[in-house]
Amino acid sequence: MSRRRLVYEGKAKILYEGPEPGTLIQYFKDDATAYNAEKKAVIDGKGVLNNRISEHVMSGLNAIGVPTHFIRRLNMREQLIRACEIIPLEVVVRNVAAGSMSKRLGLEEGEQLPRPIVEFYYKDDKLGDPIVSEEHILAFNWASQQDLDDMVALALRVNDFLAGMFMGVGIRLIDFKIETGRIWDGDFQRIIVADEISPDCCRLWDTRSERKLDKDVFRRDLGDLIEAYTEVAKRLGIMPENGGKVLAGPKLVH
Ligand code: TMP
């Protein structure tokens, strides 16, 4: 029996070689980290919830023509994705002041921003993912001007989609982070949304009570993370079946 090939292991996910060239299998772990992995825990069932929530978001984005790496969910913890060349930048969109922006600029958490603000962070754990400007990105050749324009356009479309989707279920989208990658479609290079979009990489507050329904529950010890993520999944109408148990492995796609 041959073992599938591990391509990459990150803090919350593992990538395995996919069944066809140009595909990968993305496995969602239960590991939670914060503050550049200074704080760590294993939270039973987190991977299952994030797999389902990310599937829901990415399928919705694909359906409105925002390209993502998501192909389909395979089982409770895995999804089939398109392989892409990850751009080493985290793209953060903020609608409301919170987290590092509040600290950096002395803004009260919860203050509505005049318009959505897009920021870039250079993906480097050793450096703690520092914020960078377009000048840095172009000078160090991490992305081209065209890539940057595409990334901002993509991030703002994701923001509109997510803000509307969450508003419909009584959740205020404060901010979120996406990762992007390059793929080739024939002769054309395109930027697509990669990684995951889940409560691990968004700030989500209940509209009425301002209860936190995202990873800040873990970062700031605000209570039960699974309860918070389950609330998000329930409101979106996507509770995992099977009580969070792992189902059989992936099937070969033809
Ligand atoms: P920040 O306020 O800590 O900069 O985070 C902004 C948003 O981006 C927040 O929703 C959390 C998300 N984020 C990640 O998912 N991963 C990261 O490494 C960072 C820095 C932020």
Side-chain angles (χ1 to χ4, degrees), residues 12-13 28 30 32-34 41 43-66 68 70 73 76 79 90-103 107-119 154-179 193-241 244:
K13 292 183 297 295
F28 287 74
D30 281 338
T33 59
I43 303 178
D44 250 8
K46 178 175 84 82
V48 174
L49 282 158
N50 280 351
N51 185 24
R52 294 301 301 259
I53 295 170
S54 198
E55 171 198 17
H56 183 79
V57 173
M58 296 280 189
S59 319
L61 287 170
N62 285 342
I64 62 161
V66 176
T68 81
F70 180 81
R73 184 168 63 85
M76 296 304 284
Q79 42 186 248
E90 299 191 335
V91 189
V92 169
V93 182
R94 300 178 187 270
N95 301 301
V96 176
S100 70
M101 174 185 248
S102 285
K103 271 210 194 98
L107 300 172
E108 182 148 355
E109 287 211 319
E111 188 181 323
Q112 188 76 35
L113 298 169
R115 62 180 177 85
I117 295 176
V118 181
E119 297 172 339
L154 211 53
L156 291 174
R157 286 194 75 194
V158 173
N159 186 46
D160 286 345
F161 175 80
L162 285 182
M165 182 186 83
F166 283 123
M167 185 187 285
V169 297
I171 293 174
R172 189 173 177 210
L173 175 67
I174 306 301
D175 56 31
F176 66 92
K177 180 257 322 185
I178 56 168
E179 301 205 10
V193 179
D195 194 50
E196 72 179 294
I197 301 182
S198 73
D200 263 11
C201 45
C202 300
R203 283 200 174 89
L204 305 170
W205 295 3
D206 178 75
T207 311
R208 284 207 195 134
S209 66
E210 300 205 331
R211 177 185 161 204
K212 312 282 187 283
L213 298 170
D214 56 64
K215 202 162 123 183
D216 274 349
V217 171
F218 169 69
R219 290 188 194 97
R220 304 179 186 186
D221 296 318
L222 300 176
D224 187 331
L225 184 99
I226 292 300
E227 233 174 72
Y229 285 23
T230 302
E231 179 64 27
V232 173
K234 266 194 197 156
R235 290 199 198 181
L236 294 172
I238 47 165
M239 269 308 290
E241 71 268 11

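Quantities reported herein were computed from a predicted structural model and do not represent experimental measurements.
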So, does [X] use its side chain to make a donor-acceptor pair with the main chain of [Y] at under 3.5 Å?
| X | Y | answer |
| --- | --- | --- |
| Ser54 | Ile197 | yes |
| Asn62 | Thr68 | yes |
| Lys215 | Thr33 | yes |
| Asn159 | Val93 | no |
| Asn51 | Met76 | yes |
| Thr207 | Ile171 | yes |
| Asp30 | Gly45 | yes |

Q.
Holding to side chain to side chain donor-acceptor pair (under 3.5 Å), I want the full list of residues that pass it with Gln112, two or more places apart in sequence or in another chain.
A. Arg172

Provide the closest heavy-atom pair for [X] versus [Y] in the form atom of the first, atom of the second, distance.
| X | Y | value |
| --- | --- | --- |
| Phe218 | Ala41 | CE1-CB, 3.6 Å |
| Glu109 | Trp205 | C-CH2, 4.1 Å |
| Phe70 | Ser59 | CE2-OG, 3.6 Å |
| Leu173 | Asn95 | O-ND2, 3.3 Å |
| Asp214 | Cys202 | CB-O, 3.1 Å |
| Ile174 | Ala97 | CG2-O, 4.5 Å |

Do the side chains of [X] and [Y] get close enough for a salt bridge, i.e. N-O under 4.0 angstrom?
| X | Y | answer |
| --- | --- | --- |
| Asp216 | Arg219 | yes |
| Asp175 | Arg203 | yes |
| Asp206 | Arg235 | yes |
| Lys234 | Glu231 | no |

When you compare the side chain of [Y] with that of [X], does any pair of heavy atoms fall below 4.5 Å?
| X | Y | result |
| --- | --- | --- |
| Asn50 | Tyr229 | yes |
| Glu111 | Val96 | no |
| Pro199 | Leu213 | no |
| Leu156 | Pro116 | yes |
| Val232 | Leu236 | yes |
| Glu196 | Glu179 | no |
| Val158 | Val66 | yes |
| Lys46 | Phe28 | no |

Give, for atom [atom1] of [X] and atom [atom2] of [Y], the distance between the pair rounded to the nearest 0.5 Å.
| X | Y | atom1 | atom2 | answer |
| --- | --- | --- | --- | --- |
| Leu222 | Asp224 | CG | CG | 11.5 Å |
| Leu162 | Arg157 | CG | CZ | 12.5 Å |
| Glu55 | Gln79 | CD | CD | 7.0 Å |

Q) Stepwise, does the side chain to side chain contact (heavy atoms under 4.5 Å, CB included) test hold for Lys13 with Asp195? A) CA-CA 9 Å; Lys13 292 183 297 295; Asp195 194 50; 2.9 Å; yes

Q. Going through the checks in order, is the side chain to side chain contact (heavy atoms under 4.5 Å, CB included) test met by Met239 and Arg52?
A. CA-CA 8 Å; Met239 269 308 290; Arg52 294 301 301 259; over 6 Å; no

(Q) If you count every heavy atom of other residues, nucleotides or ligands that lies below 6.0 Å from Arg220 atom CZ, does the total exceed 12? (A) yes

Q: Mind running side chain to side chain contact (heavy atoms under 4.5 Å, CB included) on Met101 and Val92 for me, showing each step along the way?
A: CA-CA 11 Å; Met101 174 185 248; Val92 169; over 6 Å; no

Q: Go through the steps to decide whether Lys212 and Leu204 satisfy the test side chain to side chain contact (heavy atoms under 4.5 Å, CB included), and finish with yes or no.
A: CA-CA 6 Å; Lys212 312 282 187 283; Leu204 305 170; over 6 Å; no

